[in-house]
Undergrad: 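Sending over a structure as structure tokens; questions will come in a sec.
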2 protein chains.
Amino acid sequence: MKISDLVIDRLPLYARALAALESDGREVVSSQELAKTLNVSAAQIRKDFSYFGRFGKQGRGYNVRKLLDELRRILGLNRQWRLALIGAGRLGRAILGYEGFGPQGFRIVEAFDSDPAVIGTSLNGLTIRNTADLENVLAKNKVDVGIVAVPAEGAQRVIDSLVRCGIRAILNYAPIAAQVPAAVQVRRVDPVLALQGMTFYLKAATDNE
Amino acid sequence: MKISDLVIDRLPLYARALAALESDGREVVSSQELAKTLNVSAAQIRKDFSYFGRFGKQGRGYNVRKLLDELRRILGLNRQWRLALIGAGRLGRAILGYEGFGPQGFRIVEAFDSDPAVIGTSLNGLTIRNTADLENVLAKNKVDVGIVAVPAEGAQRVIDSLVRCGIRAILNYAPIAAQVPAAVQVRRVDPVLALQGMTFYLKAATDNE
């Protein structure tokens with residue numbers, strides 16, 4: 001089964017919309033209504049779901065609970081995932097304090113830093129460990145995902161360590177284009193880079209005024 | 001000049017690496033060294049820069065200060081950009097408190113919410129205004145970028161309002177695929193969606209074990 005990343009990246013959006021409908025007590029939803037909520041075409045939604053089997057009956061809409069359960073199963077959202085955070089500076093501390101991960105099954109179970117002043121201190125119930133011990137620690141205490149929140153110059157070295165630990169999913173907050181084997185997934189999160197990618201266009205438009 | 005978004009999205013990475021070199025007192029850098037720091041090939045870097053004119057002399061490397069100034073000019077990073085935040089819930093408050101925007105020239109000058117309990121309260125020196133007044137407020141107090149931090153169901157309505165206000169850049173934290181005219185840039189930021197897009201692959205790999 002080879003499905004485009006674009007399809008996979010839309011599935012969590014569908015799951016989130018369905019969870020909202022479920023908590024409103026809704027039992028059935030049409031692809032048209034989902035389409036309207038998420039700004040994806042109804043045809044796109046039906047096509048995306050078709051990769052994963054039959055979810056609804058023609059003309060009768062989707063069963064919200066069933067579809068949500070199935071999406072959660074497909075995406076692994078009904079599991080607890082264990083995360084390691086590397087980098088406990090200002091950004092890392094904000095990530096550690098972010099309350100959006102826990103309810104979705106993402107739990108940071110290890111945190112690392114290379115600053116001697118930070119190593120050994122406690123943060124949100126975790127003792128910050130030395131980044132130099134990363135591979136030893138993660139060999140004993142397996143995690144599923146690495147969150148990289150270190151400066152650019154050390155980021156690839158950290159990513160290489162995570163890959164050597166067998167980690168196959170990396171959320172990268174560092175401003176580098178991470179190099180990883182094909183079997184490893186990387187997603188980048190950086191609001192400032194996102195803004196700076198847009199100001200180019202704003203500037204170009206202003207220059208023409 | 002029609003340049004791929006992929007090129008534009010790499011320019012802020014180059015600027016950030018050069019700013020780090022400059023603060024280290026470095027005067028010259030080779031494309032090879034930049035390539036190593038950022039995990040982009042040296043050939044790619046030279047090609048990306050070539051879109052914007054000559055930045056270096058063959059074999060002598062780039063002048064860090066000059067290249068950085070030029071990238072800042074191209075990207076509009078030497079300006080102050082005015083941002084409006086829509087949604088002052090938990091996520092919006094975290095965005096308002098994020099210290100990474102200011103030093104890069106991004107200043108949130110207006111904040112909106114639709115919750116009567118929140119409207120009129122003060123946050124980081126800003127008075128939260130009613131989202132219903134968005135278009136009136138932004139007609140008088142122009143901003144360059146809108147940050148959307150409202151729940152999915154209201155997000156497209158907010159985005160439509162921002163577009164009607166003439167805003168051409170939107171940073172979208174809401175879990176929807178925003179629909180905007182071609183002249184409007186949108187970037188999405190959502191670490192949980194990014195994680196959920198990866199757990200699909202983790203789960204598939206685990207299932208095969």
Side-chain angles (χ1 to χ4, degrees), chain A residues 1 5 8-13 15-17 20 37-40 74-77 79 81 83 90-91 94-95 98-101 104 106 144-145 151-153 156 168-171 175-179 183 185 187-206, chain B residues 1 5 8-13 15-17 20 37-40 74-77 79 81 83 90-91 94-95 98-101 104 106 144-145 151-153 156 168-171 175-179 183 185 187-206:
Chain A
M1 185 165 70
D5 282 7
I8 304 302
D9 280 348
R10 280 192 293 268
L11 298 183
L13 284 177
R16 203 176 282 189
T37 311
L38 292 169
N39 282 312
V40 178
I74 289 167
L75 289 168
L77 303 187
R79 302 195 188 174
W81 297 98
L83 281 59
R90 183 175 290 174
L91 172 62
I95 294 168
Y98 179 57
E99 293 171 340
F101 291 137
Q104 303 296 329
F106 297 103
D144 304 295
V145 182
E153 57 272 21
Q156 184 63 42
R168 284 169 304 207
I170 293 170
L171 192 62
I176 67 159
Q179 299 297 309
Q185 297 285 319
R187 297 287 188 282
R188 193 156 73 197
V189 181
D190 190 327
V192 170
L193 284 182
L195 285 169
Q196 292 177 336
M198 293 195 288
T199 51
F200 169 80
Y201 299 96
L202 292 181
K203 206 205 131 276
T206 315
Chain B
M1 185 166 68
D5 282 6
I8 304 302
D9 280 348
R10 280 192 292 267
L11 298 183
L13 284 176
R16 204 178 283 190
T37 312
L38 293 169
N39 281 311
V40 178
I74 289 167
L75 289 168
L77 304 187
R79 301 196 189 174
W81 298 97
L83 282 59
R90 182 176 290 173
L91 171 62
I95 293 168
Y98 179 56
E99 291 170 341
F101 291 137
Q104 303 296 329
F106 297 103
D144 304 294
V145 181
E153 57 272 21
Q156 183 62 43
R168 282 169 306 208
I170 294 171
L171 192 63
I176 67 159
Q179 299 297 308
Q185 297 285 319
R187 298 288 186 282
R188 191 155 74 195
V189 181
D190 190 327
V192 170
L193 285 181
L195 286 170
Q196 292 178 334
M198 294 195 287
T199 51
F200 169 81
Y201 299 96
L202 293 181
K203 206 205 132 273
T206 314

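Order of the sequence lines fixes the chain letters, A, B, ..., with proteins taken first and strands second; residue numbering starts at 1 for each chain.
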Undergrad: My understanding is that only residues two or more places apart in sequence, or in another chain, count here; which of them pass side-chain contact (heavy atoms from CB on, under 4.5 Å) with Q104(B)?
TA: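 Q104(B): side-chain contact (heavy atoms from CB on, under 4.5 Å) contacts with V192(A), Q196(A), F106(B).
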Undergrad: Going through the checks in order, is the side-chain contact (heavy atoms from CB on, under 4.5 Å) test met by R10(A) and L193(B)?
TA: CA-CA 9 Å; R10(A) 280 192 293 268; L193(B) 285 181; over 6 Å; no
Undergrad: Using atom types as modelled and distance alone, determine if a side-chain donor or acceptor of T199(B) lies under 3.5 Å from a backbone N or O of G76(A).
TA: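 No: the side chain of T199(B) does not pair with the backbone of G76(A).
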Undergrad: Rounded to the nearest 0.5 Å, what separation is found between the CZ atom of F200(B) and the CG atom of L75(A)?
TA: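 Here the rounded value is 7.5 Å.
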Undergrad: Do you know which two heavy atoms are closest between G197(B) and P12(A), and how far apart they sit?
TA: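 The pair with the smallest heavy-atom distance is N-CG, 4.0 Å.
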Undergrad: Considering all heavy atoms of both residues, which atom of V40(B) and which atom of A177(A) are nearest to each other, and what is their separation?
TA: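 Taking V40(B) first and A177(A) second, the nearest heavy atoms are CG2-CB, 4.1 Å.
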Undergrad: Under 4.5 Å, counting heavy-atom pairs only, tell me which of L77(B), V189(B), L11(B) racks up the most with chain A.
TA: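 The candidate making the most pairs under 4.5 Å is L77(B).
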Undergrad: For a quick test of reading the model, state the closest non-hydrogen atom pair linking P175(A) to L38(B) and the distance between them.
TA: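 Result for this residue pair: O-CD2, 3.5 Å.
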Undergrad: Using side-chain heavy atoms (C-beta onward) and a distance below 4.5 Å, is F101(A) in contact with P191(B)?
TA: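 With C-beta onward as the side chain, the pair touches.
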Undergrad: Is any side-chain heavy atom of D144(B) less than 4.5 Å from a side-chain heavy atom of M198(A)?
TA: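 In short, these two side chains do not touch, never coming nearer than 4.5 Å.
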Undergrad: According to salt bridge (Lys or Arg N to Asp or Glu O under 4.0 Å), who are the partners of R187(A), at least two apart in sequence or on a separate chain?
TA: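 Salt bridge (Lys or Arg N to Asp or Glu O under 4.0 Å) list for R187(A), sorted by chain: D9(A).
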Undergrad: For I170(B), which atoms come within 4.5 Å of any heavy atom of chain A: side chain, backbone, both, or neither?
TA: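 It is the backbone, since no side chain atom gets that close.
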Undergrad: For V145(A) and L202(B), what are the C-alpha separation, side-chain angles and deciding distance, and is it a side-chain contact (heavy atoms from CB on, under 4.5 Å)?
TA: CA-CA 9 Å; V145(A) 182; L202(B) 293 181; 3.9 Å; yes
Undergrad: Out of L195(B), I176(B), D190(B), return the one with the most heavy atom pairs under 4.5 angstrom to chain A.
TA: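 If we count pairs closer than 4.5 Å to chain A, L195(B) comes out on top.
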